[in-house]
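Keep in mind the model is a prediction, meaning the values are calculated, not measured.
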Amino acid sequence: MAHRQRAHRVEEKVDSGTAELVRDPDRPRAWTLLLDGAPQSHVDLDDPAYLDFEYVRRLGHVVDLAAPPGRPLRVLHLGGGALTLPRYVAATRPRSTQQVVEVDAALIDLVRRELPLERGSRIRIRHGDARDVLARVPEGSFDLVIGDAYAGSRSPAHLTSVEFAAAVARVLRPGGWYAANVADGAPLSFARGQVATLRSVLPEICLIADPAVLRGRRFGNLVVVAGSTPPSVAELTRKAAGDPFPARVLDGDELTRFTAGAAPVTDATARPSPPPPKGVF
C-alpha cells in the first residue's frame, strides 16, 4: 500500500480513492480528511466536541436534542469518515453505545492509526454496506441513526429509497430519529425527493439548511431529521440560527411547499445524489 507522510499531511490510497489527512493550521491536533480532494471530515483530537463543518454542526444539534443533556444514547452511524460525530457523542454523552458502518476498510485502518479513538469511547466500527448491516440489526435498537454515507462526493442510490428508509425506521426505537446529510444544488430536485421519500415512512420531519442553498444560489448540504414523533423544531431553529453560518429550519406546510409535489423514490427509480460542481471545494 502506498503511504506518504509529512509533518502536516498524510496521503494514502484507500478502497474508494485517495485519502488525505491535512493538519488544521489553527488547531494543534486537528485534521481534515479529504477523499479524492473532497473534504469529508474534520476532527480535533484535543476537543472532539468541536464541530468545524456547517452540516456536521447541524447534525450535532440533533444529537444534543435527542435526549436530555448527558444522557447516553444508542447511535448507529451509516458512514464513518474520520468518526467526527461518534467522537462528539462520546465526548458529550459518556457511556453512549455506538456502531459505525463504513464500506471502506482501508479508510477505517487509516483513521484508526492516524486519528485514534479515546480509550473507553464505546464506539464499534463495522466494515460493510449500510443496507446489509441494517438488515441484520435487531428491531428498535437505536435512539438515533445518522446517515452520512457517500461514495466519493455522492450518496449511493440504494441509500436514498423508500425501502432504505423503511430499513432505518425498523431499527429506531419508538421516538427515535433519523438524521441525514443530503448534498444538492439548484433546482434541489434530489433534496425534494429525499424529503418526500423519508416523509412517506417517518412522517414527522424537518429540514435544516443554509438560506442560500434553499434558494438554489449554491451547492451545499441540507440536513433532514425524521421520525415517528416530532423533532424539536423550536430548539433546532434556535440552535441553527445561532451558528456562525445561520441556517433555516423548514417543517409543516413550509416543508410541503418545498417538496413541491416530489414523489418518493423507490429502489427501482433511485439515483445517486448529483455530483458537486467543479471547483466547489
Side-chain angles (χ1 to χ4, degrees), residues 1-60 63 77-92 98 100-121 123-128 130 146-156 181 183 185 210 218-221 223 243-245 272-281:
M1 178 182 293
H3 177 243
R4 185 169 71 251
Q5 181 168 348
R6 296 194 297 271
H8 298 287
R9 180 183 298 267
V10 177
E11 182 179 313
E12 187 163 310
K13 290 292 185 183
V14 294
D15 300 338
S16 55
T18 299
E20 296 173 84
L21 289 171
V22 180
R23 192 185 295 273
D24 184 334
D26 299 319
R27 304 179 74 90
R29 296 184 68 224
W31 297 80
T32 298
L33 168 68
L34 301 95
L35 286 175
D36 290 334
Q40 298 287 325
S41 306
H42 180 280
V43 168
D44 188 334
L45 297 177
D46 286 334
D47 183 8
Y50 173 76
L51 302 177
D52 187 72
F53 290 2
E54 294 173 42
Y55 86 88
V56 178
R57 187 184 296 266
R58 290 162 194 158
L59 289 169
V63 171
H77 302 263
L78 305 178
L83 308 175
T84 305
L85 279 169
R87 298 173 202 264
Y88 179 82
V89 173
T92 60
Q98 302 184 77
V100 179
V101 182
E102 173 57 57
V103 73
D104 191 324
L107 179 62
I108 294 171
D109 292 342
L110 172 66
V111 170
R112 281 187 182 277
R113 184 180 70 244
E114 302 292 343
L115 305 175
L117 292 166
E118 293 278 349
R119 289 191 177 187
S121 59
I123 298 169
R124 179 187 177 193
I125 306 173
R126 300 176 65 171
H127 170 234
I146 296 176
D148 195 16
Y150 277 72
S153 56
R154 305 180 72 180
S155 298
N181 170 33
D210 185 303
R218 70 176 180 89
F219 189 94
N221 300 89
V223 170
D243 280 340
F245 296 94
S273 63
K278 289 183 179 180
V280 72
F281 301 123

- Message: I'd like to know if the side chain of Gln98 reaches the main chain of Pro86, judged simply by a donor and an acceptor atom lying under 3.5 Å from each other, with no hydrogens or angles considered.
- Response: yes

- With sequence neighbours excluded, what pairs up with Arg29 under the salt bridge (charged side-chain N to carboxylate O under 4.0 Å, His left out) test? Asp46

- Item | Under the salt bridge (charged side-chain N to carboxylate O under 4.0 Å, His left out) test, residues paired with Glu20 that sit two or more places apart | Arg9

- Note on the structure: d(His77 NE2, Leu83 CG) to nearest 0.5 Å is 8.5 Å

- Task: Tell me, with the steps shown, if Leu34 and Val22 meet side-chain contact (heavy atoms from CB on, under 4.5 Å).
- Result: CA-CA 8 Å; Leu34 301 95; Val22 180; 3.6 Å; yes

- I would like to know whether Ile125 and Leu117 meet side-chain contact (heavy atoms from CB on, under 4.5 Å); could you show each step before the answer? CA-CA 11 Å; Ile125 306 173; Leu117 292 166; 4.3 Å; yes

- Gap between atom CG of Asn181 and atom CD1 of Ile146 - 0.5 Å precision: 10.5 Å

- Note on the structure: Output for pair (Ile108 CD1, Glu102 CD), nearest 0.5 Å, gives 5.5 Å

- Item | Short side-chain to backbone donor-acceptor contact, Arg154 and Ser273, under 3.5 Å | yes

- Message: For the backbone of Ala106 and the side chain of Asp104, can you confirm whether one donor and one acceptor N or O come within less than 3.5 Å of each other?
- Response: yes

- Message: Looking at Gly79, is its backbone amide N or carbonyl O close enough to the side chain of Asp148 to form a donor-acceptor pair, meaning the two atoms are under 3.5 Å apart?
- Response: no

- Step-by-step salt bridge (Lys or Arg N to Asp or Glu O under 4.0 Å) determination, Arg218 to Glu54: CA-CA 14 Å; Arg218 70 176 180 89; Glu54 294 173 42; 3.6 Å; yes

- Heavy atoms only: give me the nearest Ser121-Ala90 pair and the separation to one decimal. O-CB, 4.0 Å

- Message: Quick check for you: to the nearest 0.5 Å, what is the distance between Leu33 atom CG and Glu114 atom CD?
- Response: 11.5 Å

- Task: Could you tell me which non-hydrogen atom of Ala183 sits nearest to which non-hydrogen atom of Asn221, and how far apart they are?
- Result: CB-ND2, 4.1 Å

- Note on the structure: Smallest heavy-atom separation, Pro116 atom then Leu45 atom, equals O-CD2, 4.2 Å

- Query: Closest heavy-atom contact between Glu12 and Leu110?
  - Reply: OE1-CD1, 3.7 Å

- Report yes if the side chains of Tyr88 and Pro48 come closer than 4.5 Å at any heavy-atom pair, otherwise no. no

- Interatomic distance, Leu21 atom CG to Ser41 atom OG [nearest 0.5 angstrom]: 9.0 Å

- Gap between atom OG of Ser16 and atom CG of Leu107 - 0.5 Å precision: 6.0 Å

- Query: If you look at every heavy atom in Phe219 and Gly185, which pair is closest and at what distance?
  - Reply: CD1-N, 3.5 Å

- With no hydrogens and no angle check, is any side-chain donor or acceptor of Arg87 less than 3.5 Å from a backbone partner on Ala82? yes

- Query: ring-ring contact (aromatic ring centres under 6.0 Å, His included) with Tyr50: which residues, sequence neighbours excluded?
  - Reply: His42

- Message: Using modelled atom types and a 3.5 Å cut-off, is there a donor and acceptor pairing between side-chain atoms of Asp36 and backbone atoms of Thr18?
- Response: yes

- Query: What are the two closest heavy atoms between Thr92 and Ala49, and how far apart are they?
  - Reply: CG2-CB, 4.2 Å

